[in-house]
Amino acid sequence: MGPQSTPDLSTPPSPLSLSTIAVVGLGTMGTGIAEVLTRAGREVIGIDTDEAAARQAVATLEAATARAVARERITERERQDILARFRTFTDLQAAADADLVIEVVPEDYELKRQVFAGLDAVVRADTILATGTNALSVTRLAADSQRPERVLGVHFFNPAPAMKLVEVVSSVLTAPTAVAAVTELARDLGKDPIAVGDRPGFVADGLLFGYLNQAAAMYEARYATREDIDAAMRLGCGLPMGPLALLDLIGVDTARTVLEAMYAESQDRLHAPAPILGQLAEAGLTGRKAGRGFYTYDAPGSGTTVPDAESPAAADELAAGRTVSSVGVAGSGTMASGIAEVFAKAGFKVVLAARSLEKAEKAKARIAKSLGRSVDKGRLTPEARDTTLASITPAGALEAFADVDLAVEAVAEDLAVKQELFRTLDKVCKPGAILATTTSSLPVVACARATSRPEDVIGMHFFNPAPAMKLVEVVRTVLTADDVHATVRAVCAKVRKHPVDCGDRAGFIVNALLFPYLNNAIKMVEEHYASLDDIDAAMKLGGGYPMGPFELLDVVGLDVSLAIEKVLHAEFRDPGLAPAPLLEHLVAAGCLGRKTGRGFREYARR
């Protein structure tokens, strides 16, 4: 039915010329996109073969705009204008006059192909056709279309009215003018568009779903509980949701579909869907929408979890612990002084031991400055500061730990150094004292075996800065005694930290999930798929991350990051975990991040 002449794409239409836009598929995403468009003054043609879905889309828009009026964000007149710009239909013929069509039907290639074939028959020759897929090939859809140069991807994030990121996806067939028009439209909608090429997951989901998959595999292996995995990533990385709760929100079946598409292209084992995703999907346990996924919810569609068979046992069911009133902290760096401050503020007597008394006193002075800042901000009284400082005794040798109940080492991340320290602790600490390491990547059991009492050794991985970060990974070895584990969990609660349990393997929870994600971001840059800035923006705007991956790498230190990547690769022997060559080259060049003034970006020297 459409004209057979070739559309003129030599000059891009302005975003205002995309005034009539059809949205095909009125599920949650389609309805959200329709709301964004109508609020921005566009005439929106909503199309769904299910009349109930169309009615629900109208009701959702009515409710959303009513809330906006109640909050005085729009007037009632503006609300009526918005509602008048949204019309719904059940036939693709309604898209005949659209300047742009956005397809957001379910992630099934044949279904999308049929939609595009139907649109080819009714739209004008210059109409731009956009797919909202995040997993399927835009190029394949374009190639099967009558006019591939006008086909592209436009990937909004859920909920579309709130999320700022829009990925504009070009295939090798897409006319640059079509990309320019949709990019400008996204800006006119108040969104932040980034340009990406055609590969499954694009940028944000391409990085996100690999991480979610690893979290599912970690849970499936019973390495840690679902609650501890989610708490670790929220508290250790500042993420708005834990990975398993996020999988339930996205839909376990949807995640599996995206991962299958990613694996088909990459053949990377990190993208091969964890078997549990398939098991849950086949059982109909697809997450919130089904009322059960990794967690159980009080009703389908609800976000409120309810206890089930996997809910954690009450704290009083743990083994009885040991008494801890005094703590020794070994080290003089930022982590050691931070841990000493944490224990002292909680009322413990603290011995802070370094290689010399002078170093220990400097570490205590650092604590005094930190406490002074808290006083200046009104978070601490001068009296509490003085009491805290008075409870810290600096020492120049580990012999000062003779009477402590808990000894925590925070020295260099070098196994030989730590083992030598534990041999000394074994000699100087009293029987029954608990010996803890703050290692983030080394085997705790190797420290334990350096002593004659491995049952008393455990990992307590604090996060930097220790006074501010709430998470502690409590790492049991196969030799750690039950009462030692129970004691450390109780101590964590007393110092107002959230303990999560994990076994003694590389990366524990946080680093084992975080650093493969960071490594994959570096690979995207190596492959010239996207820029540093676009990747950082995608993860902050599309994933709710507090920092983009390259910002975080430069803060952590590229040398530290490389060391952790190497440990993970050596432990799990997965080729996908091999450190990205670009990371190795930057470290070799001395570009270590903020601390050297240059990493992935350059920084002003202080």
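Numbers for residues simply follow the sequence, beginning at 1.
At least one donor-acceptor pair closer than 3.5 Å links the side chain of E526 to the backbone N or O of L582. At least one donor-acceptor pair under 3.5 Å links the side chain of E167 to the backbone N or O of V203. Between the E220 side chain and the I276 main chain, a donor and an acceptor come within less than 3.5 Å of each other. Distance alone, capped at 3.5 Å, is enough to place a donor-acceptor pair between the T424 side chain and the E420 backbone. Under a 3.5 Å cut-off, the side chain of D248 and the backbone N or O of R288 do not form any donor-acceptor pair. Side-chain N or O atoms of D554 include none that pairs as donor or acceptor with a backbone N or O of R594 at under 3.5 Å. Not one N or O on the side chain of D574 forms a donor-acceptor pair closer than 3.5 Å with the backbone of L270. A donor-acceptor contact shorter than 3.5 Å is absent between the side chain of R256 and the backbone of A281. The main-chain N or O of I194 is never found under 3.5 Å from a side-chain atom of D534 such that the two would form a donor-acceptor pair. T480 places a side-chain N or O within donor-acceptor distance of the main-chain N or O of V457, the cut-off being under 3.5 Å.
Because its NZ or CZ atom is not both nearer than 6.0 Å to the ring centre of F550 and within 45° of the ring axis, R601 does not count as a cation-pi partner of that residue. Annotation: cation-pi geometry not satisfied between K164 and F157 (NZ/CZ under 6.0 angstrom from ring centroid, within 45° of ring axis).
Other residues, nucleotides and ligands place no more than 12 heavy atoms under 6.0 Å from the CZ atom of R379. The environment of K430 atom NZ is dense: over 12 non-hydrogen atoms of other residues, nucleotides or ligands sit within 6.0 angstrom. In this structure, R423 places its CZ atom where more than 12 heavy-atom neighbours from other residues, nucleotides or ligands lie under 6.0 Å away.
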I'd like to know whether F294 forms a side chain to side chain contact (heavy atoms under 4.5 Å, CB included) with L285, so could you lay out the CA-CA distance, the side-chain angles of the two residues, the decisive distance to 0.1 Å, and finally the verdict. CA-CA 8 Å; F294 286 95; L285 307 179; over 6 Å; no
Please assess C429 against R453 for the test side chain to side chain contact (heavy atoms under 4.5 Å, CB included), listing each intermediate value before the final yes or no. CA-CA 11 Å; C429 291; R453 39 175 156 174; 3.5 Å; yes
Salt bridge (Lys or Arg N to Asp or Glu O under 4.0 Å) between E473 and K497, worked out: CA-CA 10 Å; E473 290 178 318; K497 301 298 180 186; over 6 Å; no
Tell me, with the steps shown, if R292 and D298 meet salt bridge (Lys or Arg N to Asp or Glu O under 4.0 Å). CA-CA 9 Å; R292 185 175 165 196; D298 61 3; over 6 Å; no
In sequence, state the C-alpha distance, the side-chain angles, and the governing distance for L207 and L518, and then conclude on side chain to side chain contact (heavy atoms under 4.5 Å, CB included). CA-CA 8 Å; L207 293 176; L518 296 174; over 6 Å; no
Please assess V351 against V329 for the test side chain to side chain contact (heavy atoms under 4.5 Å, CB included), listing each intermediate value before the final yes or no. CA-CA 6 Å; V351 179; V329 179; over 6 Å; no
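Under the 4.5 Å side-chain criterion, counting only non-hydrogen atoms from C-beta, L558 is not in contact with L562. The side-chain heavy atoms of R269 and P575, taken from C-beta on, include a pair separated by under 4.5 Å. With a 4.5 Å cut-off on side-chain heavy atoms, Y297 and T304 do not count as touching. No side-chain heavy atom of Y295 sits less than 4.5 Å from a side-chain heavy atom of V306. The side-chain heavy atoms of P243 and I229, taken from C-beta on, include a pair separated by under 4.5 Å.
Contacts of F202 classified as ring pair (Phe, Tyr, Trp, His ring centres under 6.0 Å), with partners at least two apart in sequence or in another chain: H155. Looking at residues two or more places apart in sequence or on another chain, you find a side chain to side chain donor-acceptor pair (under 3.5 Å) between N134 and D205.
Remark: the E341 side chain and the T388 side chain contain no N/O donor-acceptor pair separated by less than 3.5 Å. Remark: the Y263 side chain and the N213 side chain contain no N/O donor-acceptor pair separated by less than 3.5 Å. Checking T257 against E107 by side-chain atom types alone, no donor-acceptor pair falls below 3.5 Å. Using a 3.5 Å distance cut-off with no hydrogens or angles, the side chains of E310 and Y219 do pair a donor with an acceptor. Side-chain contact of Y211 with N520: a donor-acceptor pair under 3.5 Å is absent, judged by distance alone. One side chain, T439 or E413, offers a donor N or O that lies under 3.5 Å from an acceptor on the other. A side-chain donor-acceptor contact under 3.5 Å links H271 and S266.
Distance check: D230 CG to L246 CG gives 9.0 Å after rounding to the nearest 0.5 Å. We find the CZ-CG distance between F572 and L568 to be 6.5 Å, quoted to the nearest 0.5 Å. Atom CG of L425 and atom NZ of K418 lie 11.0 Å apart (nearest 0.5 Å). Note that CG of L208 is 9.5 Å distant from CG of L239, once rounded to the nearest 0.5 Å. Interatomic distance, CG of L435 versus CE of M460, reported as 12.5 Å (0.5 Å rounding). Separation of atoms CE (M218) and CD (Q214) is listed at 8.0 Å; rounding is to 0.5 Å.
What you find for A344 and S391 is that their closest heavy atoms are CB-OG, 3.4 Å. Across every non-hydrogen atom of L586 and G599, the tightest pair is CD2-O, 4.0 Å. Looking at every heavy atom in both residues, L479 comes nearest to R449 through CD1-CD, 3.9 Å. K289 approaches D253 most closely through the heavy-atom pair NZ-OD1, 2.9 Å. Contact detail for V475 and I458: the closest heavy-atom pair is O-CG1, 3.2 Å. Across all non-hydrogen atoms, the minimal contact from D456 to G432 is OD2-N, 4.3 Å.
A salt bridge links R226 and D308; the closest N-O separation between the charged side-chain nitrogens and carboxylate oxygens is under 4.0 Å. With salt bridges taken as basic N to acidic carboxylate O contacts below 4.0 Å, one links D501 and R489. Classification of D559 and K595 as a salt-bridged pair holds, one side-chain N sitting under 4.0 Å from a carboxylate O. Salt bridge D483/R322: present, at least one basic N to carboxylate O contact under 4.0 Å. Classification of K349 and D405 as a salt-bridged pair fails, no side-chain N sitting under 4.0 Å from a carboxylate O. We find that R199 and E527 are joined by a salt bridge, their nearest charged nitrogen and carboxylate oxygen being less than 4.0 Å apart.
With L541 as the partner, the side-chain contact (heavy atoms from CB on, under 4.5 Å) test is satisfied by one option alone out of D536, V166, L165: L165.
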Side chains of residues 504-516: which donor-acceptor pairs under 3.5 Å do they make with residues two or more places apart or in other chains?
{"from": "D504", "atom 1": "OD1", "to": "V444", "atom 2": "N", "distance (Å)": "2.9"}
{"from": "D504", "atom 1": "OD2", "to": "V444", "atom 2": "N", "distance (Å)": "3.2"}
{"from": "D504", "atom 1": "OD2", "to": "V445", "atom 2": "N", "distance (Å)": "2.8"}

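The aromatic rings of F462 and F343 sit perpendicular, their planes meeting at an angle over 60°, well past the 30° parallel limit.
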